[in-house]
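Values below: all heavy atoms of this structure, side chains included; hydrogens, waters and symmetry mates excluded. Quick caveat, the model's predicted, so the values are computed rather than measured.
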Amino acid sequence: QIRLVESGGGLAQAGGSLRLSCAASGRTFSNSAMGWFRQAPGKGREYVATISPSGSSTYYEDSVKGRFTISRENAKNTVYLQMNNLRPEDTAIYYCAAEGPDGRSYDYWGKGTQVTVSS
């Protein structure tokens, strides 16, 4: 089992930065692709970024490319999302997720951390 706990959310001004952290417990963290997703009020869950198990490959949703960076530190069982040049439309609950053992879906989810960006 993998358990995920997000932290680092809060209030930022447009153009500001936040760094989210996701602390994972479980023996399989280093073997799991990880992702960040978000859900804004009245909208469905949206993909933000993913990172391969080793951290060698990263992928981003178009609207965050060049602004957000996903990274991981497997020795600490932690994945990060550095968010720069924040925009009000980035306001959402941000969720950390881990792929399941079949590598086909994200089976493990944190409870989320709120990010609010003011204009």
Side-chain angles (χ1 to χ4, degrees):
Q1 300 291 323
I2 298 177
R3 295 180 179 180
L4 308 172
V5 180
E6 302 95 337
S7 63
L11 179 65
Q13 297 184 49
S17 298
L18 288 172
R19 188 181 76 158
L20 306 183
S21 298
C22 174
S25 61
R27 297 188 300 274
T28 61
F29 175 79
S30 63
N31 301 119
S32 300
M34 301 291 294
W36 286 97
F37 299 78
R38 65 188 180 186
Q39 186 168 13
K43 299 179 66 176
R45 186 185 68 186
E46 179 186 34
Y47 159 77
V48 176
T50 53
I51 188 166
S52 62
S54 69
S56 62
S57 299
T58 58
Y59 305 91
Y60 299 92
E61 192 273 326
D62 286 345
S63 70
V64 308
K65 287 180 179 177
R67 300 190 299 120
F68 291 9
T69 302
I70 187 171
S71 62
R72 66 193 297 161
E73 191 167 358
N74 287 345
K76 294 184 176 180
N77 288 347
T78 302
V79 62
Y80 306 95
L81 185 68
Q82 178 67 46
M83 305 185 294
N84 297 326
N85 194 23
L86 285 163
R87 304 167 179 170
E89 53 263 42
D90 294 320
T91 295
I93 300 173
Y94 283 71
Y95 298 92
C96 176
E99 281 192 345
D102 63 1
R104 297 180 180 182
S105 61
Y106 286 88
D107 295 337
Y108 306 97
W109 294 83
K111 293 184 178 181
T113 184
Q114 177 70 49
V115 171
T116 302
V117 184
S118 62
S119 60

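Atom OG in Ser119 sits 9.5 Å away from atom CD in Gln13 (nearest 0.5 Å). Between the OG1 atom in Thr116 and the CD1 atom in Ile93 there is a gap of 9.0 Å [rounded to 0.5 Å]. One finds the CD atom of Gln114 at 10.0 Å from the CG atom of Leu11 (value rounded to the nearest 0.5 Å). Rounded to the nearest 0.5 angstrom, Leu81 CG and Ser21 OG are separated by 9.5 Å.
Across Ser52 and Ser56, no two heavy atoms sit closer than the pair OG-N, 3.3 Å. Residues Pro101 and Asp107 approach most closely at CD-OD2, 4.1 Å, considering heavy atoms. Leu20 and Thr113 get closest at one heavy-atom pair: CD2-CG2, 4.0 Å. The two atoms that bring Ile2 and Ala24 nearest to each other are CG2-CB, 4.3 Å, heavy atoms only. In terms of heavy atoms, Arg38 sits closest to Ser63 at NH2-OG, 3.5 Å. Minimum heavy-atom separation, Val79 to Met34: CG1-CE, 3.9 Å.
Side chain of Arg67 to backbone of Asn85: a donor-acceptor contact under 3.5 angstrom is found. Side chain of Tyr60 to main chain of Ile70: a donor-acceptor pair is present (N/O by atom type, distance under 3.5 Å, no hydrogens or angles). The backbone N or O of Lys111 lies less than 3.5 Å from a partner atom in the side chain of Glu6, making a donor-acceptor pair. Counting only distance, with no hydrogens or angles, the side chain of Thr78 and the backbone of Ala23 share no donor-acceptor pair below 3.5 Å. Between the side chain of Asn74 and the backbone N or O of Pro53, at least one donor-acceptor pair lies under 3.5 Å. For the pair Arg19 (side chain) and Gly8 (backbone), a donor-acceptor distance under 3.5 Å is absent.
There is no path of hydrophobic side-chain contacts, each under 4.5 Å, that joins Tyr95 to Tyr108. Residue Tyr94 is not grouped with residue Tyr80 when hydrophobic side chains (ILVMFWY) are merged at heavy-atom distances under 4.5 angstrom, including chains of intermediate members. Both Leu4 and Ile51 are assigned to one and the same hydrophobic cluster, defined by single-linkage of ILVMFWY side chains at heavy-atom distances under 4.5 Å.
Among Phe37, Tyr47, Trp36, the single residue meeting the ring-ring contact (aromatic ring centres under 6.0 Å, His included) criterion with Tyr106 is Phe37.
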| Val117 vs Met83, side-chain contact (heavy atoms from CB on, under 4.5 Å): CA-CA, chis, key distance, verdict | CA-CA 11 Å; Val117 184; Met83 305 185 294; over 6 Å; no
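Under 4.0 Å is where a charged nitrogen must lie from a carboxylate oxygen, and between Lys65 and Asp62 at least one such pair does.
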